[in-house]
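Right, one structure below, let's go through it.
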Amino acid sequence: MHDHLMNTYARLPVAFERGEGAWLWDEDGKRYLDAISGLGVTALGHAHPRVTAVIAEQAGLLMHTANLARIPWQEKLATRLAEISALDRAFIANSGTEAIECALKIVRLAGHERGIDLPGVIVMESSFHGRSLAALSATGSRKVQAGFEPLVGGFVRVPFNDPQAIEKIASHANEVTAILVEPIQGEAGIRVPDRGYLAALRKICDQQGWLLIFDEIQSGLCRTGRWYAYQHEEVLPDILTTAKALANGLPISACLARGKSAELLTPGRHGSTFGGNPLACRTACTVLDVMQQEGLSARAEQLGHTMLAAFRERLGQHPAVVAIRGRGLMIGIELDREADHLKELALQQNLLLNVTQHKVIRLLPPLIIDAAQAEEIVAKVCGLVEGL
Ligand SMILES: Cc1ncc(COP(=O)(O)O)c(C=O)c1O
């Protein structure tokens with residue numbers, strides 16, 4: 001632990017000095033294959049030339065004006081995000097947590113407009129939505145919440161992937177105004193719900209007059225083989241949160257909404273000093289261009305199929321493997337035992353991966369990996385599991 005940093009992270013014993021594509025080099029010049037992309041952020045890989053160039057150019061022109069003036073790159077980004085999500089308007093912020101805060105504030109306004117004094121939100125067990133007080137209160141993890149009481153109120157928790165549990169409480173949940181859900185739970189260990197789950201939630205929300213919020217901070221932006229994971233089904237949320245890969249490493253996020261929900265925030269009700277500055281927004285526009293022009297959704301879908309099939313073939317019958325789950329390049333391998341030490345073992349084999357919930361190997365490789373890199377990840381991860 002460093003003397004002058006708060007002790008918030010259990011860090012690996014390595015520091016990276018530079019990166020290129022899916023490769024990272026540490027301070028001693030040792031090369032690693034990156035199978036986690038800085039937790040789903042560097043989807044275009046490290047030092048992508050178009051991203052580097054646009055950052056350099058915009059930094060030399062104008063980085064920041066605050067939202068005191070129009071910001072044309074913010075307007076362009078909002079238009080692009082509206083196009084790819086099919087929602088109407090965006091608020092641009094700096095982190096996933098802030099996008100969630102924005103979504104929750106919209107829900108409160110929507111509830112009050114409907115005459116509900118204490119608007120509530122149905123949230124899921126084992127969900128993760130961030131670390132601010134409201135976001136951790138929405139999160140379905142006692143570990144994330146413990147010690148930070150009093151929690152923000154108004155959250156009603158139900159099991160994930162269980163629409164009937166919501167139907168049961170719907171008739172007497174008078175204060176509920178919205179459902180907040182990750183279309184694929186990330187921190188929980190890449191939990192993919194049954195087909196039809198999102199549509200069932202949409203139906204309940206339509207019947208009850210509730211808002212449906214999809215948190216795609218981890219699953220969004222081509223990761224699962226679509227711009228957003230909800231696009232695998234014919235379902236549209238009312239509110240969407242997106243972040244992580246949006247500017248390939250520059251901090252940025254967005255909360256999008258459609259219809260009346262998109263009109264509730266008015267001047268003075270919400271804001272952010274840094275949010276939506278020209279540097280981050282122009283970079284995000286370039287990232288979206290690259291994702292589209294390089295067909296990264298299709299690539300994620302295809303490589304994901306190949307990797308999942310390879311994992312299932314080699315590890316499907318392994319006694320330590322409980323489940324192999326995923327969609328596109330969002331892959332989880334659940335083990336029957338604690339396996340945090342695999343992060344260090346992988347590092348020794350020049351592979352960077354993540355273990356979530358102590359038992360689930362989580363892979364979020366950059367979307368630009370090639371077939372040989374995908375094979376190397378599969379081979380090394382299988383070797384690690386077989387060595388357990
Ligand atoms: C689904 C989801 N929501 C919210 C967050 C919080 O985002 P941030 O860490 O950028 O605040 C995360 C981060 O991992 C996430 O995966």
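For ligands, and for the atoms within them, numbers begin at 1 and follow the listed sequence.
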Open item on the list: Could you tell me, atom by atom, which parts of ligand 1 come under 4.0 Å of a heavy atom of E187?
Closed with: 14 (O)
Task: Within 6.0 Å of CD in E386, more than 12 heavy atoms from elsewhere - done: yes
Open item on the list: So if I count the atoms of ligand 1 from 1 in the order they appear, which ones are less than 4.0 Å from some heavy atom of T97?
Closed with: 6 (C), 7 (O), 8 (P), 11 (O)
TODO: Ignoring hydrogens and angles, state whether a donor on the side chain of R142 or Q145 is under 3.5 Å from an acceptor on the partner side chain.
DONE: yes
Open item on the list: Nearest non-hydrogen contact with atom 13 (C) of ligand 1 belongs to which option: K244, E182, E98?
Closed with: K244
- [ ] Mind telling me whether Y32 and F16 have parallel, tilted or perpendicular rings, with 30° and 60° as the class edges?
- [x] perpendicular
Task: Short N or O distance, I217 and ligand 1, threshold 3.5 Å exclusive - done: no
Open item on the list: Checking Q218 against Q185: is there a side-chain donor and acceptor pair closer than 3.5 Å?
Closed with: no
Task: Close approach of L39 to ligand 1, heavy atoms, under 4.0 angstrom - done: no
Open item on the list: To check your reading of the model: name the closest protein heavy atom to atom 16 (O) of ligand 1, its residue, and the distance in Å.
Closed with: Q218 NE2, 2.8 Å
Task: ligand 1 atoms in contact with D215 (distance to a heavy atom under 4.0 Å) - done: 1 (C), 2 (C), 3 (N), 4 (C)
- [ ] Return the orientation label for the Y230 and F214 ring planes: parallel under 30°, perpendicular over 60°, tilted otherwise.
- [x] tilted
Task: Nearest-0.5 Å distance, NE2 of residue H129 to OG of residue S137 - done: 11.0 Å
Task: Protein contact of atom 10 (O) of ligand 1 - nearest heavy atom, named by residue and atom, plus distance - done: G96 N, 2.8 Å
